[in-house]
Structure formats: C-alpha cells, structure tokens
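Down below is the structure, laid out as structure tokens.
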Amino acid sequence: MRSGVRVVAGVGALALIAFGLFHPFGLVQEEYREVVWLASLWGGTGLFGVVVWLSQPPMPRGFHRSVFHVGLVVALGFGMLSLQLLRQQIVQADEIYSRVVVDPSSGHISSNVRPVLRSQRILRGNIVDRNGVLLVSSEVVQDGFARRIYPIAGSFDPTAFGNVVGFLSRRFGQSGLELTYSAYLSGERGSTLARIQDEMLGRPQVGNNLVLTLDANLQAQAYALLGERNGSVVVLDAKSGAVLAMVSVPGFDPRGLSFDYAVEDWAAEDARTEAYWRHLNSDAAGQPLINRPTQGLYPPGSTFKTVTAVAALEHAAVARPDDIHCMDEFYPDPHTPPVVNAVRYGLSSFTGDPSNLERVYAYSCNVAFAQYAIRLGAERLAKQALLFDIYPPHEAPESGIYPGFPDLLTAPSYLYVEPGFLDRPSALADTGYGQGQLLVTPLQMALVAASIANDGVMMRPYLVQRVVRPEGDHPVFEQLPLAIRRVMSKDTARKMRENMRAVGNYGFGSVVNQYAPPGVVIGGKSGTGEHVPGMPPHSWFLAIAPVDDPRYAVAVMVESGGEGSSVAAPLAGQVMRAAFENE
Amino acid sequence: MPIIQRLHRFRGIELQLMVTVLLFFVAGYLQVVFATRQREFIPTVPGVLSILWPSSLPLLLFIGVSLGLSWRMTGADQVVLPLVALLSGWGLLLTTRLEPSLNALYGDIYGGVATKQSLWVTIGVIILAVMIFAPWDSIFIRLQRSSLMDWLDHHRYVWLVLGLILVLATFVFGTDPNNSGVKVWFNFGWFMFQPSELLKIVLVIFMASYLDEHREVVTVGQGYRLGPLTLPPLSYLVPIVAMWGIAMGTIVFQRDLGAALLLFGVFLAMLYVATGKNLYVVAGLVAFAIGAIFLYHYVSVVKLRVAVWLDPWATAQGTGYQIVQAAYAMSAGGVFGTGLGRGVPAIVPAIHTDFAFTAIGEELGLSVTLAVLVTYVLLIFRGFHIALTIPGRFRGFEQLLAVGLTTILAVQTLVIIGGNLRLIPLTGITLPFISYGGSSVLVNFLIVGLLMRISAVGREAA
C-alpha cells in the first residue's frame, strides 16, 4: 500500500513536471504555458514531497524529526528553484530569449534588447551580384560599432535594390535578404568554428557573404524602364530559375533606414531614420515596403489564358483546342450576363471562324477560353493551376508563405478565394480567361512563362546562388538549379511556345518585337486585369526569348497601367533587349 | 598547552577550503577587472598584487579568523566559514562587475558600490571575529552572572520590546531614499540602515527563548475546543496570533512583503521544531492564507505582485518590466553564460540588490547558478547540523536559536531567488551575502557569528 502510493506519486510528479516543461503535442496554448508550468511545478513538487515523506526512516517524534522535516521543505524549495533554472536557462531559453510581446492597448512592442545590441557590433557579410558587383557591405566605425554601407549607390540608384537586399534598421527590424538570410549574414549560421575563434580572440563577429543571381545592371535598367509607374518586373533565367532581375516600384532607399554609428548625434540619426520610416508608411508613398513581384497579389487577366491553354492541350480529348469558335457572346449559364470579348464585336474577323488555339490565344479571345474552361471542368483546370502552384484556398500553404521561393517573403497565388467558387459555371468560365477571383504574384506568372520556356519543367526560382566565408571563396552553402516538377508535357510546351510566338508575330502584343534585339524573336502573352471598377486595369505581359530555345522569361506588371498589349508589351520588349545586351 | 596538542587541533579542513576560496576569488576578481576594463594588466607580481589589494582584504581576514579559531575555538564548525567566504566573494565579484555598467546606465548614483561592499564585508568579518574571539562568557559571568547564551535566553522580553521599538521607530523615522515605495530605512547620513534586518535576529532570539520555555506545554496541553476544531493552547495561540499580526501589519502599513513573508516563515519553522505538531503549522498556514486573500483584495501592491507573477508579459513595459527583463537575462545565460563583462545585466532594475542572482545567471550561466544554490544548501544544512549536534542536555534554547538563524538564511534565499525566477510573487529582500547592502551584510555576519559560537559550545574542552 505504502510503496504503491509512493510509486504512483513519484511517477505522477515526474509526469507533471515533464508535461509542464515540454508541453507536448501542442496541448497547451502559448498564452497559458507559463501558468500551466507553474501549476505543474508546484503540483509535482507536492507529490514529490509525499514520496519523500513516505520514504523517511522511522524516527521518534521530537527535535530531530522536526528539523528533518524543515530541512525537507527547504530541500524541496531548492529543488523547485533548480527546475525553474533548468527551464529558464535551457529548455525554454531560446523561446524566452526571442519572445516579443505587443501591448494590445498601446501597441508598444517589448523584446529582448540583447540581439539588437549584439547585432550592432557584428560585421555583417557583403551582398554581391552575379558579376561580383558589391551591393551592400559593412565597416567598423567607432567603439566597435559596425554600420551597413551601400557601395551600389556609387553606380546605380539604390532604390532599385531596396526590396531585394532589404533594409537593416536598429529600430524597425529587417526586410528582404537582410531578413531571410540574416543568420548567414550575421555569421550565426555557416561558420561556427570561425565565430568561436573570433569570440575567443575578442574580434568582431564577421558574417558570410551572399552571392546573388541578380544582374545589377539589368536590375537598374529594368527599374529605370518602369520609371514612375508602380509595378513589377521579374527576369528569370529560363533554364535554371535564377532570378536575374526583380524590380518593385515604388522602391525605397535602404540607406534611409540604416543607422550610421559614425554620426556624433545618435538622437538626430534616430530621428532621420524615423522620419524616413514614417514617409515610407504614409499613404502618399504607395506602399514601397511591399516587394510587389513576390507579395503583390493581382488578377492576372489574359496572361492566365496561358494556364488554360496548357490545360486544354494536356486534355485535348475533352477540351478540343482546335475546335473552337470566337463568338461575340457566350452564355455559360443562361441566368447570368454573357462572357464577351475585350473587342466587343467581331473579334472573329481576326481569329477566323472556325478558329484554332493558336489564333484565339494570339488575339486573346475571352469567349474561346471561357468555352475551354467549361469543357475542361473545374477539376481539370484546378489541377493544372495547382501544378503551377496556383492554389485553391483549401490547398494554399497555411502560413501564407509560398514555399517555392524562400529567398524573400513571398505570398502564395490563388485560383479563387471563396470555397466552392468554381462550382458555378459562370465563375469557371470567368476564371478560364483570367478574371473570376484569381489573385497571383508577378513571380508566379513569370514561373508559368519560364516553365513553357524550359520544356515543361518548372524550376525553383532562386536569388542567392552561394553563401561564402568572408576570408575566401569556400562556399558555406550553394544553390544548384532544382526542378519543382514537370507541369506539362514536352510536346505541350513546344506547342505553347508556338502560341506565344504567334502573339509576338501577329497577335495582340506583337509590338514587343519592335524592341527585340537583332536576330531574336520574342514570344509572349499580354494581359489586362480588371480590378476596381472605374480604375484603369492592371497591365501585364509575359515574354520568353529567343522563342525557339528561350534563355529568358520575363513578367512585367504595371499597376492600373491600361491595356497589356500597349503598355506592358513594349516594356517587356525593352527589358528583354536589356537582358540580351547585358550578356 | 604543549605545541604538539595545538597542532593536533589545527583546523586543517577549514584552512584548505578557505585557501581554495581565496584562489577562486583572486582568479574571478582578475577576470572581472580585465573583462570590464577597469584596470590595465601589469604582468609582474607586484603589479597583479596592486590590482588585488585591497579587494582581497576581506578574504585574507577570513583566513585570519580561521587561523584564530585553531587557536581559540577548535571545536567550532569547519565548513560554515569557507561557505560564507565563498558567498561573500561572489558578492564582491558581482558588485565589481556591475559598478561600471550601473554607472554607464544610471550615472553616478551607484558610484563606488564595489568599494562600499568591500568595506561592508570587511566590517562584517570584523564583527564575526569579535563575536567569536571576545571572551563574552567571562564578561557576562562577571557582569551578569550568566554565560552569553543564558543571558540572551533570560532577557527575552527585552528582545521583544527592542523588536517592537524597531517596528515603531520604522513607522516614525522610516525613509524611502530609493523611491522603491516602502519606507523601511533609517537614514544615518553616511549609512542607510534597514531595521527589518536587525528585527529578524531580535525576534528569532525572543522566539527561541519563549518557545523553549513553553516546550513542556506541548505534551501536556490539550488545547481549546472550538466546535469541531481544536485550537492550540494559549501559550502557542498567542504568539501565532501575534506573529500573524506583525506580518500582516508589516504588509498593510509598510508594504514590505518580503520581511513579512520571511518573519512568518521563520516563525512557523521554529514553532514546528519546538512542538513537533503539524496542526500548529497548518493553523498558521491557514491563517496566513486567509490574511493573504484579504490582502489580495484590499492592498493594491499585493494584487499587483500576484498579477505580475502570473503574467509579467502582459505588462512588459510597465509593472512587469523588471521580471520580463530578468527572464530575458536568465535565458541569455544558457549553460555557461555570456561570459563576465559580456552581458548587459544592468538593464534589470535593482540588479545589484534584489536581482543579484539574475546577473550571475546571465553572465555565468546555469553551471554557476546551480553552484550558488548548492552553496546555500550546504550552508543551510550545516546550520541544521549544528542545531542537531549540540551536545549535552538543557540546550533547547541554543537548538531553537540555531534552527531559527539557519531558517532566516534559508527562507530569505528561497523567497528572493523564487521571486527572481518567478516561482513565487516577487518580494524585495536581499540575497544573503551576495546582494549589495550594508545592513544585510552586517546582520548576516552577525547570524554566522552566533551560529559559530553555538557550534563551539560544549566542544571546546574536547
């Protein structure tokens, strides 16, 4: 009986304390963990006290026994202190160390000051482009403080690079690569031995350098080409998925947020960065801190017909791609308004009647793609979109982070938003020609173009090709081209390149080839994304070149820019020419 | 006495331990001084000695006391003194480490804390030496016709009155120099004295004497019946109620939760040791719980401390700031700490007094925080050991006094470290021997002096 109680109490004590320490299986919600731990620690200690009480040697009542019991209570108290130490300094130490709390009433943020203080003395690594052009670097100024410097400003407008390299602020955190590669740049990751050496010798901690796939020249040119217009340009190496340029307008100057420790008056320096921060967050600034190519979600307009066309070619038996009429109106559902073309009447005089996939794609016939979508059905279309990582809401990555491009904060793209949306025939028809509830990032559309260029295999996009130690070229980390998956057959890809060539040759968007470099033919697809009624539509263009054996895939998106074929197409042509000229 | 016999009684264990502590302190002190760049390293023997002098003076005095004990009081406990030296050494290292950080953060108000702490420990060791070496028994026998312990025992009501005067004087003359919200200091101009530190010794002496006198009642007295409850007999009921009243009064009128918790905890331990009755402890705890619930509702500071204890993160910028910063500091330490001089412990308010343990946690890590806990456990259990091994009969007073004095150290350590680590609501009291503060250091040395004397009683002739 006595030993039975002892065993039960002992096991119970251990179980309680282990439960409180590790709160397994996510049983305890975060806000209750501290209280649950305190309760289990006190409860566990009480049970353990019972165990010791039952195990005490028989002693006559008296002074010795009483002192023994007082000592027992003291020992249990010190045991609790040790367990609490174990939790605070080992088991939960990382969680506590990096804990950030926001006061719900005042919005005041409390966080540990130590990582910030440490980071001020770390010589963060350089960021260089694919040709070795130094974009971002660090130098030690007074008292061991290290400041971030931007040598790129000597040759280009650093605003073009703001969203890619990101800012590094002692008050407002980090963004871009400074955020996603912070562990490498600070040296926390990738050079443990060197870091311990530096620490022992009292040298400043030196981070690793990032070698990007970006071409600084091309990036600056693409930024200049967009000019004052808000939007995105993405240039991918079609074969590898390497990001050659990724422009977001409006951009920001990372120097404006980076604290200069060399300045005498730190208060004034803080005021300067804070003023710039306020400016960037004001309504007039147009959200420059959002990296539009990866975080901007837009209706893709007719560029999405590329996905529908791929689906139609993959399921030719049901979609019958070359058995199509481009009428003026199409009723997917007799009770809803009809699908019409952007050219309201007589588009069939361009496409011919009966027409084929190449011609309805070249002249961007909404009615034709609405029919393809209905013929395919929601399931086949959604499956093809999912192959391109354009997700229905229930299959989207939960955290809102697109896993295909971890180098920067990236939103996943959506085929539709409301559950069950595609069950309605009119909604399916709208989605087929790129309206409906589609929301995609420019990067995702660039991947669609790049997959066609790469014979049907979607390559994983990447911005950082190597992480190297500061003292040499020994790579800590190297990114090799990786396929995400095959998204269409080789044959479908070939046919799609022909379709895109048709757009560039004679279709809506042939203006793109006015800018083509000599001897190169650009293929593509324009898009005009309706968003808010009354506003000019978003202007899109996807381009691949040379269309026979593409080396580059480009996606251009101008917010509220107007017709894709007249605004985005020439821009895409100019960007493509710049890409060839920079070879 | 022949020299051979003297050598035979030489306290070798104590001296070995003491030299170890001295070497530990020297190594630690040099590290701290260089890590915080307070002095340039001079690579010669006189150079190093000039850095160590006079900070190692208290440690050298400890060794002097140890050698003196071999001469005068060979039977006294040999482990207590090195443990106290180790803890005081930690305290000296800590203030030396923190002084530049405190100056950098808060300006000059904490200037010279290291020197002052060194001075206090030196005075403390001198008090210890006087307690041990002065021929108290001969003096008291000549003047009062009784030994020191008997004299303490027989004047119990003098101690009680002295205690009450201290409490009343705190009400009248108490000041609040640090804006900590409690007026529990006497301002002597050059020295801030905290009367509650002295009060705890005075009350322990009184209680030891009182409980020892009434010890016989336990076995005889049946207590009062109040319905289904049996209340303790009057001779225990009165002190329970009185101590409860003092504890509650301290909280209500002085907002000094730490002192109240300490006094009541020590009282309960002594009551239990004297009577061996669980019932009295339970009665005391129930009374305390009822009082605590009452205070929780009517005294705002109690409610506040409990709220911060349960969720400091909710008020991380306000009332929970200190606890949250302490949690960050502890988590930064990990197993081996950030290294001396490489952390930022001073951003935790009251780091050199109430939160001294946190500074150790950040810069020296779990390995040393556990070592500190072990040191305290050894010291406390050595105190209980002294109480249990007092030879001869009719030593009830010394037994209870030793238990009471040891329990002061135990409860104080548990309450403040428990508060630092958020095991219990935070109450501001000092960490014995390690925290900065004159009254605390002096009174703790007084406690150790008494314990050493008790441990030597009846063993000198052996």
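In what follows, chains are A, B, ... by sequence order, proteins preceding strands, each numbered from 1.
To the nearest 0.5 Å, the span separating CD on A:Glu34 from CH2 on B:Trp309 amounts to 12.0 Å. Distance CG/B:Leu421 to CG/A:Leu41: 10.5 Å, rounded to 0.5 Å. Expressed to the nearest 0.5 Å, how far CH2 of B:Trp313 lies from OG of A:Ser110 amounts to 8.5 Å.
Contact detail for A:Gly77 and B:Leu414: the closest heavy-atom pair is C-CD2, 3.5 Å. Across all their heavy atoms, B:Ala316 and A:Val101 have their closest contact at CB-CG2, 3.8 Å. The two residues A:Tyr97 and B:Ala332 come nearest to each other via the heavy atoms CE1-CB, 3.6 Å. Heavy-atom minimum distance, A:Arg114 versus B:Gln325: NH2-O, 4.4 Å. When all heavy atoms of B:Leu373 and A:Ser82 are compared, the pair lying nearest together is CD1-OG, 3.7 Å.
When heavy atoms are compared at a cutoff of 4.5 Å, A:Trp37 does not approach chain B at all. In this structure, the portions of B:Val273 lying under 4.5 Å from any heavy atom of chain A include both its backbone and its side chain. In this structure, no portion of B:Phe336 lies under 4.5 Å from any heavy atom of chain A. Using a 4.5 Å cut-off between heavy atoms, B:Phe381 touches chain A through its side chain atoms alone. B:Ile417 touches chain A through backbone and side chain together, each having a heavy atom under 4.5 Å away. Residue B:Leu268: no heavy atom, backbone or side chain, is found under 4.5 Å from chain A. For A:Ile96, the parts lying near chain B are the backbone and the side chain together; criterion is any non-hydrogen pair under 4.5 Å. With a threshold of 4.5 angstrom between heavy atoms, B:Ile424 approaches chain A through side-chain atoms but not through N, CA, C or O.
Between chain A and the options B:Leu370, B:Val403, B:Thr413, B:Thr369, heavy-atom pairs under 4.5 Å are most frequent for B:Thr369. Highest contact tally toward chain B, considering only A:Arg61, A:Arg99, A:His64, A:Met80, is held by A:Arg99 [criterion: heavy-atom pairs under 4.5 Å]. Ranked by heavy-atom pairs under 4.5 Å with chain B, the list A:Val35, A:Val74, A:Leu81 is led by A:Leu81.
Residue-environment remark: OH (A:Tyr32) stays at or below the threshold of 12 foreign heavy atoms within 6.0 Å. Within 6.0 Å of the CG atom in A:Asp94, the count of heavy atoms belonging to other residues, nucleotides or ligands does not exceed 12. Counting heavy atoms of neighbouring residues, nucleotides and ligands inside a 6.0 Å radius, atom CZ of A:Phe63 exceeds 12 of them. The environment of A:Arg118 atom CZ is sparse: at most 12 non-hydrogen atoms of other residues, nucleotides or ligands sit within 6.0 angstrom.
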In sequence, state the C-alpha distance, the side-chain angles, and the governing distance for B:Leu388 and A:Phe68, and then conclude on side chain to side chain contact (heavy atoms under 4.5 Å, CB included). CA-CA 9 Å; B:Leu388 288 174; A:Phe68 179 84; over 6 Å; no
Given the rule in the side chain to side chain contact (heavy atoms under 4.5 Å, CB included) test, do B:Gln399 and A:Val67 qualify, once you have shown the distances and angles that lead to the verdict? CA-CA 10 Å; B:Gln399 287 180 336; A:Val67 173; over 6 Å; no
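Along residues 83-90 of chain A, the residues that come nearer than 4.5 angstrom to chain B, judged on non-hydrogen atoms, are A:Gln84, A:Leu85, A:Leu86, A:Gln88, A:Gln89, A:Ile90 in order of number.
Side-chain atoms of A:Trp42 come within 3.5 Å of backbone N or O of B:Leu423 as a donor-acceptor pair.
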